[in-house]
Structure formats: structure tokens, C-alpha cells
Amino acid sequence: MKIQLLCLALVFIAGETNAAKQGKNATIPALIVFGDSIMDTGNNNRLPTLLKCNFPPYGKDFPGGLATGRFSDGRVPSDLIAEKLGIAKSLPAFMNPNLKPHDLLKGVTFASGGTGYDPLTAKIMSVISVWDQLTYFKRYISTIKQHFGEKKAQDILDHSFFVVCSSSNDLAHTFMAQTHKYDRTSYPNFLADSAVKFVRELHKLGAKKIGVFSAVPVGCVPLQRTVFGGMFTRGCVGSLNNMAKQFNARLSPALESLDKELDGVIFYIDVYDTLFNMIQHPAKYGFEVADRGCCGRGSLAISYMCNSMNPFTCSNSSAYIFWDSYHPTERAYQVMVDSLLDKYLTKLY
């Protein structure tokens with residue numbers, strides 16, 4: 001009898017050990033992402049927009065050196081979060097025409113470079129609005145149900161991690177076209193309210209674990225520093241950063257209230273402070289350059305201005321916080337994702 005009990009105990013311990021080896025991913029079947037170029041892994045490739053990056057030197061540090069449509073030298077946060085969760089090393093774009101039904105099971109990103117919470121932002125850039133991304137999400141769930149059944153679709157809705165990331169394009173570009181309606185306080189408030197509305201709609205569609213990224217210090221990206229930061233100083237643009245802070249100040253408590261109101265878990269992810277600290281103290285994080293991008297001369301190069309014909313692209317992108325004049329390098333993204341997920345992942349379990 002004692003031998004039988006000992007065997008049962010050993011089986012139980014082995015089972016627990018095996019579960020531990022599988023990692024926390026045992027409860028997170030997929031990663032579903034909405035947002036802009038920070039999270040886009042190729043959705044813009046077939047759109048009639050100038051905001052594309054499916055050409056070299058974009059992707060030079062991606063596996064195989066492929067320019068997949070990611071606005072970086074390598075992987076982007078969608079990929080890195082998926083890897084951190086133990087789901088996959090990269091996350092496919094929903095608009096990829098080569099996707100098969102089984103490719104959808106670990107999640108996708110609906111993010112589209114150049115979009116925002118303000119519907120006008122997507123119209124100006126001819127990209128996919130966050131609201132249209134919700135429509136594509138409905139199609140995604142329908143496909144899962146069709147090929148894998150209602151139970152699998154419900155499992156994805158109940159246990160997957162849903163990430164929302166937008167606002168930079170609204171603040172940096174669309175605001176100037178909306179000054180007849182808003183000022184520098186009311187516009188970020190409008191965006192934050194729109195973000196909350198988006199999360200509420202996503203929750204209505206069944207999502208239960210939702211993390212929403214804050215605005216970033218958009219006034220510190222190289223392009224804004226070049227255009228508005230002073231000809232010689234190229235400092236961070238305080239007015240833009242203040243709008244980002246206003247957005248965050250409005251969004252954070254609103255999401256906290258929403259979390260208390262709705263079932264599941266809804267939380268705010270503060271990326272502003274982490275990225276700002278990296279830009280102000282690059283050496284602390286092992287970077288050498290924080291005020292210009294690796295691609296081209298790094299001050300204005302973005303999308304088609306960052307191309308293989310430009311002879312000034314740096315050879316060591318990992319020394320730079322920014323890849324082009326707007327988007328961070330994979331290494332910078334990795335530093336941010338490691339820092340943030342270690343802080344916020346406990347909310348998912």
C-alpha cells in the first residue's frame with residue numbers, strides 16, 4: 001500500500017513539474033493585437049498607402065533578413081510579447097494572404113501602421129482604422145468557429161491576451177487637422193475616451209484579458225525632434241509629450257474603472273516612462289544613440305525614405321534606440337517588453 005501511495009505521489013510531482021515546464025502559456029492560448037505600426041507585422045503590405053516597409057533595409061535583423069512589413073530592423077512588440085508568453089517567436093498579420101486556418105490558433109495582429117483612435121487618422125493615411133480592426137476580429141473568431149468549433153473559439157476569447165496600442169499618429173499628425181475642434185487638452189481626452197470605447201466594444205465581442213498601452217513620448221522621436229525640436233538643439237518637443245501625458249492621465253483611471261465594471265481583467269500598461277527613461281539615459285540600457293535613427297541619416301527617414309539606396313544606414317542597429325525616424329529597433333523593443341511584461345504579466349493569471 002505504501003509503495004502504491006509513493007508511486008501516486010511521484011506521478012503527481014512529475015505532473016506538476018511538467019506543467020511548470022510548459023510555463024504560464026498553459027493558460028494563454030493566443031495573443032490578439034490591435035493598433036498601429038508599433039504592432040503591425042505586415043497588414044499594410046497590400047493596402048493602397050504610402051506607409052509601407054516591406055522592402056530593405058527594413059527587416060535586416062529579422063530571421064532570414066526578410067522585409068516582412070514590420071516597421072523596424074527586426075521583430076516588433078507583437079512578436080516579442082508572443083515569445084515572452086511562450087506562444088510563438090513571431091505573430092502573423094491577419095491580412096497575410098498565405099495564412100491558413102491553423103495559423104490563426106496562436107493569435108494574430110490586426111494592427112495597421114499609421115492608424116489611430118481618431119477615425120480621421122486612418123482616412124488620411126489610407127490604412128485600417130482600429131474600428132475596422134474590430135470587424136476583422138469578428139471574421140477571425142468566425143473562422144476559428146468554422147474550422148475548430150465553438151469550444152475552441154470560446155477558449156481563445158476567455159483565456160487569450162488582447163493588446164491594444166495606438167495614439168501616436170493621432171497626437172503627432174492628426175491633431176493639427178483637428179485644431180478647429182480641439183485644443184491640446186481636449187484632443188488627448190477625446191482619444192482616451194475613444195480608447196475606452198474601443199476596449200468596451202472589444203469586451204462585448206468576448207475578450208476577457210485586455211491590456212492597453214499608454215501613449216509614448218512622441219515628442220522625442222527623431223522626426224519630431226528634427227522638425228519641431230530646434231535646428232541646432234533637436235530637443236524633445238514638450239508640447240507633444242504633454243499631450244501624451246494628458247492622454248495617459250485620462251486613460252489610466254478610466255481603464256481602472258472599466259476593470260471594476262466588467263468581468264475579466266482590463267489594465268493600463270505604462271510604456272511612456274520606460275521609453276522616456278531609455279531616451280534620456282541611453283547608456284544605462286546599453287545604447288549609444290537616442291536622438292536619431294539607424295536608417296539613413298536618422299532624422300527624417302521613414303517608410304520609403306528609409307530604403308536600400310540610402311548609403312548612411314548604420315551597421316549596428318542594436319546601438320540605436322530608434323531604427324528609423326519614428327520606430328524603435330528590435331533591441332529597444334526587447335528592453336521595453338522585458339521590463340513591462342515582468343511588471344504586468346501577473347495580472348493575466
Side-chain angles (χ1 to χ4, degrees), residues 33-40 43-44 49 51 110-137 162-205 207 210-221 223-224 227-228 236-262 266-273 275-276 326-327:
V33 182
F34 304 85
D36 55 25
S37 57
I38 290 176
M39 298 292 182
D40 188 355
N43 285 313
N44 278 15
T49 178
L51 264 184
F110 301 95
S112 176
T115 200
Y117 291 119
D118 186 340
L120 180 60
T121 303
K123 288 181 181 178
I124 291 173
M125 300 310 302
S126 298
V127 296
I128 307 168
S129 73
V130 293
W131 309 103
D132 285 340
Q133 290 175 34
L134 283 179
T135 301
Y136 286 124
F137 173 62
F162 293 80
V163 174
V164 183
C165 175
S166 197
S167 75
S168 293
N169 299 301
D170 300 312
L171 295 170
H173 308 298
T174 313
F175 170 66
M176 300 305 292
Q178 295 280 43
T179 52
H180 63 291
K181 293 171 58 178
Y182 301 100
D183 59 24
R184 292 185 179 275
T185 299
S186 60
Y187 189 64
N189 286 348
F190 157 68
L191 296 177
D193 294 345
S194 297
V196 172
K197 179 182 177 183
F198 179 89
V199 172
R200 190 179 287 277
E201 291 300 313
L202 180 58
H203 185 273
K204 283 181 183 178
L205 294 175
I210 307 171
V212 185
F213 274 45
S214 72
V216 301
V218 68
C220 291
V221 302
L223 181 116
Q224 298 299 332
V227 177
F228 301 110
C236 292
V237 184
S239 58
L240 274 176
N241 283 350
N242 288 337
M243 288 176 68
K245 289 178 182 178
Q246 177 60 37
F247 171 86
N248 294 341
R250 178 90 162 195
L251 179 65
S252 179
L255 291 176
E256 188 175 346
S257 296
L258 202 61
D259 178 53
K260 294 176 181 176
E261 175 190 341
L262 304 176
I266 297 169
F267 57 97
Y268 170 83
I269 301 174
D270 177 18
V271 295
Y272 185 101
D273 289 341
L275 181 54
F276 187 74
Y326 213 94
H327 305 97

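Numbers for residues simply follow the sequence, beginning at 1.
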* Show your working on side chain to side chain donor-acceptor pair (under 3.5 Å) between Ser186 and Asp183 and close with a plain yes or no. => CA-CA 5 Å; Ser186 60; Asp183 59 24; 3.0 Å; yes

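- Atom NE2 in His203 sits 9.0 Å away from atom CD in Glu261 (nearest 0.5 Å).
- Looking only at distances, a side-chain donor or acceptor of Thr115 sits under 3.5 Å from a matching main-chain atom of Ile128.
- Gln224 approaches Ala172 most closely through the heavy-atom pair NE2-CB, 3.6 Å.
- Residues Tyr268 and Val212 have side chains not in contact (no heavy-atom distance under 4.5 Å, counting atoms from C-beta outward).
- Between Tyr117 and Thr174 there is no side-chain heavy-atom pair separated by less than 4.5 Å.
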* To do: Could you check Trp131 against Leu134 for side-chain contact (heavy atoms from CB on, under 4.5 Å), going step by step and ending with a plain yes or no?
  => CA-CA 5 Å; Trp131 309 103; Leu134 283 179; 4.2 Å; yes

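- Summarising the geometry, atom CG belonging to Leu51 is positioned 3.5 Å from atom CE belonging to Met125; distances are rounded to the nearest 0.5 Å.
- The NE2 atom of His173 sits 12.5 Å away from atom CG of Leu120, with the distance rounded to the nearest 0.5 Å.
- When atom types are taken as modelled, the side chain of Thr179 and the backbone of Phe175 share no donor-acceptor pair closer than 3.5 angstrom.
- When only modelled atom types and interatomic distance are considered, Asn44 and Thr49 share no side-chain donor-acceptor pair under 3.5 Å.
- The shortest heavy-atom contact between Pro217 and Leu275 is CD-CD2, 4.0 Å.
- Residue pairs meeting the side-chain hydrogen bond (donor to acceptor under 3.5 Å, both in side chains) criterion with at least one partner in residues 189-199, sequence neighbours excluded, are Asn189-Gln246, Asp193-Arg250.
- Atom CG of Asn242 is separated from atom CZ of Arg184 by 9.0 Å, given to the nearest 0.5 angstrom.
- With hydrogens and angles disregarded, no donor-acceptor distance shorter than 3.5 Å links the side chain of Asn43 to the backbone of Ser112.
- Atom CZ of Phe267 sits in a crowded spot, with more than 12 heavy atoms from other residues, nucleotides or ligands closer than 6.0 Å.
- When the ring pair (Phe, Tyr, Trp, His ring centres under 6.0 Å) test is applied to Tyr182, the partners found at least two apart in sequence or on another chain are Tyr187, Phe190.
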* To do: Show your working on side-chain contact (heavy atoms from CB on, under 4.5 Å) between Val218 and Tyr326 and close with a plain yes or no.
  => CA-CA 9 Å; Val218 68; Tyr326 213 94; 3.6 Å; yes

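- For the atom pair Leu251 CG and Phe213 CZ, the distance stands at 12.5 Å (nearest 0.5 Å).
- Taking the six-membered ring for Trp and thresholds of 30 and 60 degrees, Phe198 and Phe34 have ring planes more than 60 degrees apart, a perpendicular arrangement.
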* Asked: side-chain contact (heavy atoms from CB on, under 4.5 Å) between Asp118 and Gln178: does it pass, once the steps are laid out?
  -> CA-CA 10 Å; Asp118 186 340; Gln178 295 280 43; 2.9 Å; yes

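- Smallest separation of non-hydrogen atoms from Asp36 and Ser166: OD2-CA, 3.4 Å.
- With hydrogens and angles ignored, the 3.5 Å screen pairs a side-chain donor or acceptor of Ser214 with a backbone N or O of Tyr272.
- When all heavy atoms are compared, the tightest approach of Leu171 to Ala215 is CD1-CB, 4.1 Å.
- Taking the ring pair (Phe, Tyr, Trp, His ring centres under 6.0 Å) definition, one finds that Phe162 meets it with Phe137, sequence neighbours left out.
- Distance alone, capped at 3.5 Å, is enough to place a donor-acceptor pair between the Asp40 side chain and the Gly113 backbone.
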* Hey, mind stepping through Asn241 and Cys220 against side-chain contact (heavy atoms from CB on, under 4.5 Å) and telling me if it holds? -> CA-CA 8 Å; Asn241 283 350; Cys220 291; 3.4 Å; yes

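- Atoms CD1 and CG, on Ile266 and Leu255 in that order, are 7.5 Å from each other to the nearest 0.5 Å.
- No donor-acceptor pair under 3.5 Å is formed between the side chain of Asn169 and the backbone N or O of Gly116.
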